[in-house]
Amino acid sequence: GQLSLEKIIVDLLADPSFQSIFPNVDFRATIGRIINRFDINLTTSYNYAKRRRVHGQLLSVFREYLPEEYKEILPKE
């Protein structure tokens, strides 16, 4: 498959090996910085997160770090 920021942020949440390799990294904050600095397709990220079964975690990060004007378009899950 193709590598994209949308997939990378989901993989940071879904793959426990990242936490073991980088135990002192706050991945939620890292993802928050990524989604605020780069043009991320939220729908693509969410759909990928659903396939990886971490969509609830991703929504939580989105709700915490996205600007208010984007939060209203998030799913209500």
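Computed over heavy atoms, backbone and side chain alike; hydrogens, waters and symmetry mates excluded.
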Identify the heavy atoms of Arg28 and Val61 that sit nearest to each other, and give their distance.
-> NH1-CG2, 3.5 Å
Rounded distance [0.5 Å steps], NZ in Lys50 versus CG in Leu58 | 12.0 Å
So do the side chains of Asn36 and Tyr65 get within less than 4.5 Å of each other, counting heavy atoms only?
-> yes
Does the Ser45 side chain pair with the main chain of Leu42, one donor and one acceptor, at a distance under 3.5 Å?
-> no
Leu66 and Leu74, any side-chain heavy atoms less than 4.5 Å apart | yes
Residue pair Ile40 / Ile35: nearest heavy atoms and the distance that separates them | CG1-CA, 4.0 Å
Which atoms form the tightest heavy-atom contact between Ile31 and Ile9, and what is the distance?
-> CD1-O, 3.3 Å
When rounded to the nearest 0.5 Å, the distance separating OH of Tyr46 from CG of Leu59 is 5.0 Å
Arg33-Thr30 side chain donor-acceptor pair, cut-off 3.5 Å | yes
Side chain to side chain, Phe22 and Phe27, heavy atoms closer than 4.5 Å | yes
Carboxylate-amine/guanidinium contact Asp11 Arg52, below 4.0 Å | yes
Should we count CZ of Phe18 as having more than 12 external heavy atoms under 6.0 Å?
-> yes
Taking atom CG of Asn41 and atom CG of Asn47, what is their separation to the nearest 0.5 Å?
-> 8.5 Å
